[in-house]
**Q** 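Got a structure for you, questions after.
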There are 2 protein chains.
Amino acid sequence: MNNTAQLDRSFDALAHPARRTIVARLARGPATVGEASRGLSLSKPAVTKHLKVLEQTGLIRRTVVGREHRLELRPAPLAEIESWIERHRTLWEAKFDAVERHLADKRKE
Amino acid sequence: MNNTAQLDRSFDALAHPARRTIVARLARGPATVGEASRGLSLSKPAVTKHLKVLEQTGLIRRTVVGREHRLELRPAPLAEIESWIERHRTLWEAKFDAVERHLADKRKE
DNA sequence: CGTATTGTTCACCTTAAGGTGAACAATACC
DNA sequence: GGTATTGTTCACCTTAAGGTGAACAATACG
């Protein structure tokens, strides 16, 4: 459940703006390579590499149909990241609230 | 609201297991550099560099008290990441559900 | 068949990330 | 004052990430 290596890859995959753009587009629905990378001013090899990262991370899936590659988002890694963050953020908030309460108690004295 | 550069830095900061470990510890409450990095088998310069990344990303804050540096988590970047992911994941789920409903409708025909 | 389209692979380059040991700085302690 | 502790800075090394143009592969289209 605490798969460090997978989280490494997921965070890393989303650290690049081009890859986040692609993910954001695929969140709107499947697309081909050309569609998913339109407007990113990147060479084709660069796009290919970014897609490979996303694919190996498990963030996207590819189906070759004719000469096009149809890409679709796989949200499981997103959910994993969200869960990791949510866990630690709320833990921190709990601690913080405890301190707040403690200070409030002291003010009452 | 859509601060790409900040998201770049935040995702990147959390992509390294050592930095995630430090963040996880600080979620339990403040700690010194030594405490926060205990058990990570890393040289001191390496720890210093990781802390610098976390600090510049805004994920931690440092208060020098005597010869110790007291570190505390700043959860805002975590919240930003969580929000980005949540937005796109739910968008995808909405699309997915729409397809599911469409298929269900077709099965009824 | 010839050619346009979609995308990958190849060979390469440059930069930055992550790591180290050694030296330094500042505070604490006896 | 001398020394231990806490942490950073310095100088360096190695590897991987990200980028490119050129060539290739496979399908589509006239």
**Q** Cut-off 3.5 Å, side chains only: do B:Thr90 and B:Glu86 have a donor facing an acceptor?
**A**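 No pair is found: no donor N or O on one side chain lies under 3.5 Å from an acceptor on the other.
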
**Q** Looking only at side-chain N and O atoms, does B:His69 come under 4.0 Å of OP1 or OP2 in D:dT6?
**A**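 No, because none of the side-chain N or O atoms of B:His69 sits under 4.0 Å from OP1 or OP2 of D:dT6.
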
**Q** Verify, without hydrogens or angle tests, whether A:Arg20 (side chain) and A:Leu14 (backbone) share a donor-acceptor contact under 3.5 angstrom.
**A**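 Checking the backbone N and O of A:Leu14 against the side chain of A:Arg20, a donor-acceptor pair under 3.5 Å is found.
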
**Q** Determine whether the aromatic ring centres of residues A:Trp84 and A:His88 are separated by less than 6.0 angstrom.
**A**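 Judged by ring-centre distance (under 6.0 Å), A:His88 and A:Trp84 do meet the cut-off.
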
**Q** Report the residues that fulfil side-chain contact (heavy atoms from CB on, under 4.5 Å) with B:Thr32, sequence neighbours left out, ordered by chain and then residue number.
**A**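 Only B:Glu35, B:Glu68, B:Arg70 meet the side-chain contact (heavy atoms from CB on, under 4.5 Å) criterion with B:Thr32.
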
**Q** Under the rule for ring pair (Phe, Tyr, Trp, His ring centres under 6.0 Å), what residues qualify as partners of B:His69, not counting sequence neighbours?
**A**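 Checked B:His69 against ring pair (Phe, Tyr, Trp, His ring centres under 6.0 Å); zero matches.
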
**Q** Give me the residues of residues 41-66 of chain A where at least one heavy atom lies under 4.0 Å from an atom of DNA chain D, by number, or none.
**A**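 Residues of residues 41-66 of chain A that come under 4.0 Å of DNA chain D are, in numerical order, A:Leu42, A:Ser43, A:Pro45, A:Ala46, A:Lys49, A:His50, A:Gly66.
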
**Q** Under a cut-off of 3.5 Å for both distances of each Watson-Crick or G-U pair, what dot-bracket string does DNA chain D give, using [ ] for crossing pairs and | for inter-strand pairs?
**A** ||||||||||||||||||||||||||||||

**Q** Side chains of A:Arg87 and A:Ser83: donor-acceptor distance under 3.5 Å anywhere?
**A**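 Yes - a donor-acceptor pair under 3.5 Å links their side chains.
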
**Q** What is the separation between atom CG on A:Asp8 and atom P on D:dA17, rounded to the nearest whole Å?
**A**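 In whole Å, D:dA17 P and A:Asp8 CG are 12 Å from each other.
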
**Q** Do B:Ile22 and A:Trp92 sit in one hydrophobic cluster, given that two such residues count as connected whenever their side-chain heavy atoms are within less than 4.5 Å of each other, even indirectly?
**A**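 Yes, same cluster.
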
**Q** What is the distance, rounded to the nearest whole Å, between atom CZ of A:Arg70 and atom P of C:dT5?
**A**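 Rounded to the whole Å, the gap is 19 Å.
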
**Q** Starting from C1' on D:dT8, measure out to CD on B:Glu68 and report it in whole angstrom.
**A**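 Value for this atom pair: 15 Å.
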
**Q** Give me the ring orientation class for B:His16 and B:His50: parallel if the planes are under 30° apart, tilted from 30 to 60°, perpendicular past 60°.
**A**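 Answer is tilted, since the angle falls between 30° and 60°.
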
**Q** In whole angstroms, how far is the C1' atom of D:dT6 from the CZ atom of B:Arg67?
**A**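 Answer to the nearest Å: 6 Å.
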
**Q** What are the residues of residues 20-27 of chain A, sorted by number, that bring a heavy atom to within less than 4.0 Å of DNA chain D?
**A**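 Heavy-atom contacts with DNA chain D come from no residue of residues 20-27 of chain A; none.
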
**Q** Under a 4.5 Å side-chain heavy-atom rule over Ile, Leu, Val, Met, Phe, Trp and Tyr, are A:Ile81 and A:Leu91 clustered together?
**A**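 No; A:Leu91 is not reachable from A:Ile81 via cluster members.
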
**Q** Go through it in stages, so that I can follow the logic: the residues are B:Leu7 and B:Asn3, the test is side chain to side chain contact (heavy atoms under 4.5 Å, CB included), and I'd like the CA-CA distance, side-chain angles, deciding distance and then a yes or no.
**A** CA-CA 6 Å; B:Leu7 278 173; B:Asn3 192 344; 6.0 Å; no

**Q** Closer than 3.5 angstrom, by distance alone: can the side chain of A:Arg19 be matched with the main-chain N or O of A:Ala13 as a donor-acceptor pair?
**A**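 Checked: pair present.
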
**Q** Base, sugar-phosphate alone, or nothing: which one does A:Arg19 contact when heavy atoms must sit under 4.0 Å apart?
**A**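 Result for A:Arg19 = sugar-phosphate.
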
**Q** Does any residue of residues 9-17 of chain A have a heavy atom under 4.0 Å from DNA chain D, and if so, which ones, in number order?
**A**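 A:His16, in order of number.
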
**Q** Within the side chain of B:Arg25, is there an N or O that forms a donor-acceptor pair under 3.5 Å with the backbone of B:Arg38?
**A**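 Such a contact is found between B:Arg25 side chain and B:Arg38 backbone.
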
**Q** Honestly curious: do B:Leu26 and B:Val47 fall in one hydrophobic cluster under the side-chain, below-4.5 Å linking rule?
**A**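 Same cluster.
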
